[in-house]
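Since the model is a prediction, treat every value here as computed from it, not as a measurement. All chains are named by letter (A, B, ...) in the order of the sequence lines, taking the proteins before the strands, and each is independently numbered beginning at 1.
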Amino acid sequence: MKIVSYNVNGIKARLPRLIEYLAEEAPDVVCLQELKSSDETFPEKDVRDAGYGAVWHGQKGFNGVAILARGEDPVERRRGLDGEDDDVHSRYLEADVGGLTVASIYLPNGNPVPGPKFDYKLRWFERLAARARTLLAEERPVVLAGDYNVIANDDDVYSVRAMDSDALMQPESRQAYRRLLAQGWTDSLRTRFPGGGVWTFWDYQAGAWQRDAGFRIDHLLLSPQAADRFVDAGVDKQFRGREKASDHAPTWVRLR
DNA sequence: ATGCCTGTCACAGACAGA
């Protein structure tokens, strides 16, 4: 089965690309981020007409995550993370689908550094790690898919120098990601491409796509029980080059 | 050092993104 993480950067503006993606690639599970849509305006009918059941956790204007499943209704397990009662950002959604547990994750960007947004990013990371630990203890196949807003290694970015002072590359961000992996998660893209040089995001600005000036921030982490079923991983890069594309490309893992 | 580009909301330009 093909499981996808896709930051759509506005599901309303991206709906033609998303429907096209579902039709062409027929993924089994799709985790969406940055819906920029309230719960009420989620295009449920369009998604259903494309053959997908869905659960979503929206927010007007920004954030927002969803989980889509082909020919199946995902069974929601959780929305949001514990640990910060006044946090209203829609950034975490978890569901059971196709015999797996899948989470759609939209980690805070964290810029500028230093500042309250960066502090929020690091706190959110710890709250995610706490949830991840609980999921690992269930000893089931789990996929944590999303936009982590972390460039984990120097070979995950076109230019270390260009991104050096960015929140995505700070040592604290990388350490938080490594601590999460160290619980026992497998970074599926890294497993498939251990030498790096694979991007999932290209900025809209400064001709980044044309220059192939990208980086890898969309990750699919596998529990040991999911990693045992690993077949392949990759990026559907061609969708970044189309009309009215998201600045992220769909990123996927295939499991037996 | 700054803006580059795009989407949203709302109807001009600020905010958010990364």
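Taking the P atoms as reference points, B:dA10 lies 36 Å from B:dA1, given to the whole Å. The same atom, P, is picked in B:dT2 and in B:dA12; the two are 29 Å apart, to the nearest Å.
The nucleotide range of DNA chain B contacted by chain A, defined by atoms under 4.0 angstrom from heavy atoms of the protein and reported 5' to 3', is B:dC4 to B:dA18.
A:A13 comes within contact range of the sugar-phosphate backbone alone, with a heavy-atom separation under 4.0 Å but no base atom that close. Residue A:D166 is out of contact with every strand shown, counting any heavy-atom pair closer than 4.0 Å. No engagement by A:K121 is indicated, since no non-hydrogen atom pair under 4.0 Å with the nucleic acid exists. Looking at heavy-atom distances under 4.0 Å, A:Y148 makes no contact with the nucleic acid at all. Residue A:R91 is classed as a sugar-phosphate contact, given heavy-atom separations below 4.0 Å to backbone atoms only. A:D218 comes within contact range of no nucleotide atom at all, as no heavy-atom separation falls under 4.0 Å. Contact annotation for A:H89: no contact, since no heavy-atom pair falls under 4.0 Å across all strands.
Not a single ring-ring contact (aromatic ring centres under 6.0 Å, His included) links A:Y52 to another residue, sequence neighbours left out. Residues forming a ring-ring contact (aromatic ring centres under 6.0 Å, His included) with A:F62 (at least two apart in sequence, or on another chain): A:H89. Applying the ring-ring contact (aromatic ring centres under 6.0 Å, His included) test to A:W252 and every residue at least two apart in sequence or in another chain returns nothing. Residues meeting the ring-ring contact (aromatic ring centres under 6.0 Å, His included) test with A:F201, sequence neighbours left out: A:F215, A:H248.
Between A:F239 and A:Y21, the ring planes are perpendicular. Angles over 60° get that label, and only those under 30° would be called parallel.
Heavy atoms of other residues, nucleotides or ligands lying less than 6.0 angstrom from CG of A:D85 number 12 at most. With a 6.0 Å radius and a threshold of 12 heavy atoms from other residues, nucleotides or ligands, A:R133 has its CZ atom at or below the threshold.
A 4.5 Å side-chain heavy-atom check between A:L32 and A:L68 finds at least one atom pair inside the cut-off. Side-chain contact between A:M169 and A:D156: absent, with no pair of heavy atoms (C-beta onward) separated by less than 4.5 Å.
Heavy-atom nearest nucleotides on DNA chain B were determined for A:N149 and for A:S37, and the one closer to the 5' end corresponds to A:S37. Summary of the strand contacts: A:R14 and A:D203 both lie near DNA chain B, and taking for each the nucleotide with the nearest heavy atom, the more 5' one is attributed to A:R14.
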> In dot-bracket notation, what is the pairing pattern of DNA chain B, taking Watson-Crick (N1-N3 plus N6-O4 or O6-N4) and G-U wobble (N1-O2 and O6-N3) contacts under 3.5 Å, with [ ] crossing and | for other strands?
Replying inline: ....(((((...))))).
